[in-house]
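Owing to the predicted nature of the structure, the values given are computational and were not obtained by experimental measurement.
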Amino acid sequence: MSFDLLFLGDVVGRAGREAVEQHLPTLLEQHPVSFVVCNGENAAHGFGITETICDQLFELGVDVITLGNHSFDQRDMLVGIERVPNLLRPVTYPAGTPGRGWGLYKARSGAQVLVINAMGRIYMDAMEDPFAAVDAVLAQCPMGDLADFALVDFHAEATSEKQALGAHLDGRVTVVVGTHTHVPTSDHRVQPSGTAYQSDAGMCGDYESVLGMDKTEPLQRFLTKVPQGRFSPAEGEGTLCGLAVRADPATGLALACEPVRMGGSLSAQIPSFWR
């Protein structure tokens, strides 16, 4: 037997939420997915998340929602995050920040899954050291002891920082997957010591856009350097985009990982181990 984990990239606005609503239940019905994590930091009109949206994603089959630099764009979540145990903000926020940066959760199979949300420091707001922060969590809750499997969502801009954390954690967690840049990378692989890795899982959203946002305002700013309005999410058909990982229950390490893409304008892809 194996353990299949599905990670969904940043859910951006209504198009991203509708892509999850349209495709995730089908994936769960047709394939042996034991645990689902998605990044929801752009789910509320592109900026932050609400408790209502959390509930909608949980009802669709998401087990844990991770966040990032937009964690508290919806100010109600400064309080709301304390009420949602399956909602994580980056563990790299300063001490005293509301919410939690990691948790241990029970999968459909009964396995214990450690989920850690961390944020990078290169070209991002100043945060605690993600390498030390993740190491500290793993010291408290090592895979193979309290946790059967472990997923790290590394919300970061620089691929160098993402690759470095992936290498640092190789053999100690099931998967390190990047978020934040909204474009799926083609470097998905199982690293030499058994940790699956992808620099960015992409986004669940409308790809006929600029990173999920309607093209008009970003183009205006690039062409003239003058803001004319606020960014707003593109509202065309969204693509569900993420990474599937097949892991060994005996070790918690990855056996295979492949992208998942359904709907919208990107080419469809279902992992070979689900066909």
Side-chain angles (χ1 to χ4, degrees), residues 7-21 37-58 60 62 64-84 86-94 97-101 117-127 153-158 177-184 200-222 226-242 264:
F7 181 84
L8 301 179
D10 308 52
V11 177
V12 182
R14 184 191 302 269
R17 301 196 308 270
E18 289 180 348
V20 175
E21 180 179 8
V37 180
C38 83
N39 187 291
E41 72 137 15
N42 301 121
H45 203 64
F47 300 94
I49 197 167
T50 66
E51 287 186 78
T52 298
I53 292 173
C54 287
D55 289 341
Q56 293 170 350
L57 292 172
F58 292 142
L60 292 170
V62 172
V64 175
I65 300 170
T66 52
L67 297 171
N69 55 301
H70 292 294
S71 293
F72 300 108
D73 281 10
Q74 302 297 320
R75 294 304 177 187
D76 290 349
M77 293 310 295
L78 286 166
V79 174
I81 196 169
E82 299 285 1
R83 295 192 287 261
V84 187
N86 289 33
L87 177 65
L88 300 177
R89 48 81 175 159
V91 69
T92 42
Y93 270 99
T97 301
R100 60 206 62 77
N117 189 191
M119 197 157 87
R121 296 194 293 183
I122 300 175
Y123 308 125
M124 303 284 283
D125 293 338
M127 288 281 166
D153 171 1
F154 192 28
H155 198 77
E157 183 77 33
V177 59
T179 55
H180 179 64
T181 57
H182 293 200
V183 178
D200 203 285
M203 69 172 179
C204 297
D206 178 7
Y207 279 84
E208 294 303 323
S209 66
V210 176
L211 302 184
M213 296 294 158
D214 181 86
K215 299 174 186 178
T216 305
E217 182 61 20
L219 281 172
Q220 172 69 24
R221 296 189 188 191
F222 279 118
V226 179
Q228 294 295 310
R230 302 184 65 179
F231 292 124
S232 60
E235 297 185 348
E237 182 184 357
T239 301
L240 179 143
C241 196

**Q** Search all heavy atoms of Cys241 against all heavy atoms of Gly202 and return the closest pair with its distance.
**A** SG-CA, 4.3 Å
**Q** Only pairs at least two apart or in different chains count here, so list each side chain to side chain donor-acceptor pair (under 3.5 Å) that has a residue in residues 45-57.
**A** Glu51-Arg83
**Q** Is there a side-chain contact between Met203 and Ser209 (heavy atoms, below 4.5 Å)?
**A** yes
**Q** As an exercise, state the distance from CZ of Phe7 to CG of Asn39, rounded to the nearest 0.5 Å.
**A** 5.5 Å
**Q** Is there a side chain to side chain contact (heavy atoms under 4.5 Å, CB included) between Arg89 and Met77 once you walk through the steps?
**A** CA-CA 11 Å; Arg89 48 81 175 159; Met77 293 310 295; over 6 Å; no
**Q** Using side chain to side chain donor-acceptor pair (under 3.5 Å) as the criterion, list what pairs up with Asn42, not counting sequence neighbours.
**A** His182
**Q** Do Leu57 and Cys54 make a side-chain contact, defined as non-hydrogen atoms from C-beta onward lying under 4.5 Å apart?
**A** no
**Q** Name all residues meeting the side-chain contact (heavy atoms from CB on, under 4.5 Å) criterion together with Arg230; count only those two or more places apart in sequence or in a different chain, and write none if there are none.
**A** none
**Q** Find out whether Val11 and Val20 are in side-chain contact, i.e. whether some heavy atom of one side chain is under 4.5 Å from a heavy atom of the other.
**A** yes
**Q** Please enumerate all residues that pass side chain to side chain donor-acceptor pair (under 3.5 Å) together with Gln74, with sequence neighbours excluded.
**A** none
**Q** Holding to salt bridge (Lys or Arg N to Asp or Glu O under 4.0 Å), I want the full list of residues that pass it with Asp206, two or more places apart in sequence or in another chain.
**A** none
**Q** So Ile81 and Leu67, side chain to side chain contact (heavy atoms under 4.5 Å, CB included) or not? Walk me through it.
**A** CA-CA 11 Å; Ile81 196 169; Leu67 297 171; 4.2 Å; yes
**Q** Using the side chain to side chain donor-acceptor pair (under 3.5 Å) criterion, which residues pair with Thr181? Sequence neighbours excluded.
**A** Asp200
**Q** Of all the heavy-atom pairs spanning Ala201 and Val177, show the shortest one and how long it is.
**A** CB-CG2, 3.8 Å
**Q** Check ring pair (Phe, Tyr, Trp, His ring centres under 6.0 Å) between Phe72 and all other residues, then give those that pass, not counting sequence neighbours.
**A** Tyr93
**Q** Measure the spacing between CD1 of Ile65 and SG of Cys38 and express it to the nearest 0.5 Å.
**A** 5.0 Å
**Q** About how many Å separate CG of Leu87 and CD1 of Ile49, when rounded to the nearest 0.5 Å?
**A** 6.0 Å
**Q** Between Thr239 and Ala19, which heavy-atom pair has the shortest distance, and what is it?
**A** C-CB, 3.8 Å
**Q** Under 4.5 Å between any side-chain heavy atoms of His155 and Asp10, yes or no?
**A** yes
**Q** Glu237: which residues meet the side-chain contact (heavy atoms from CB on, under 4.5 Å) condition with it, sequence neighbours left out?
**A** none
**Q** Answer yes or no: is there a donor N or O on one side and an acceptor on the other, between the side chain of Thr92 and the main chain of Met119, under 3.5 Å?
**A** yes
**Q** Side chains of residues 211-220: which donor-acceptor partners sit under 3.5 Å, not counting sequence neighbours?
**A**
residue, atom, partner, partner atom, Å
Asp214, OD2, Thr216, N, 3.1
Asp214, OD2, Thr216, OG1, 2.9
Glu217, OE1, Gly229, N, 3.2
Glu217, OE2, Arg221, NE, 2.7
Glu217, OE2, Arg221, NH2, 3.4
Glu217, OE2, Gln228, N, 2.9
Glu217, OE2, Gly229, N, 3.3
Gln220, NE2, Thr224, OG1, 3.0

**Q** Under a 4.5 Å cut-off applied to non-hydrogen side-chain atoms, are Thr66 and Thr179 in contact?
**A** no
**Q** Say whether, by atom type as modelled, one donor and one acceptor occur between the side chain of Glu41 and the main chain of Asn69 under 3.5 angstrom.
**A** yes
**Q** If you take all heavy atoms of Asn86 and Phe58, which pair is closest and at what distance?
**A** CB-CZ, 3.6 Å
**Q** How far apart are the closest heavy atoms of Pro90 and Ser71, and which atoms are they?
**A** CD-OG, 3.5 Å
**Q** Considering all heavy atoms of both residues, which atom of Gly120 and which atom of Phe154 are nearest to each other, and what is their separation?
**A** N-CE1, 3.4 Å
**Q** List the residues meeting side-chain contact (heavy atoms from CB on, under 4.5 Å) with Asp73, not counting sequence neighbours, and say none if there are none.
**A** Phe47, His70
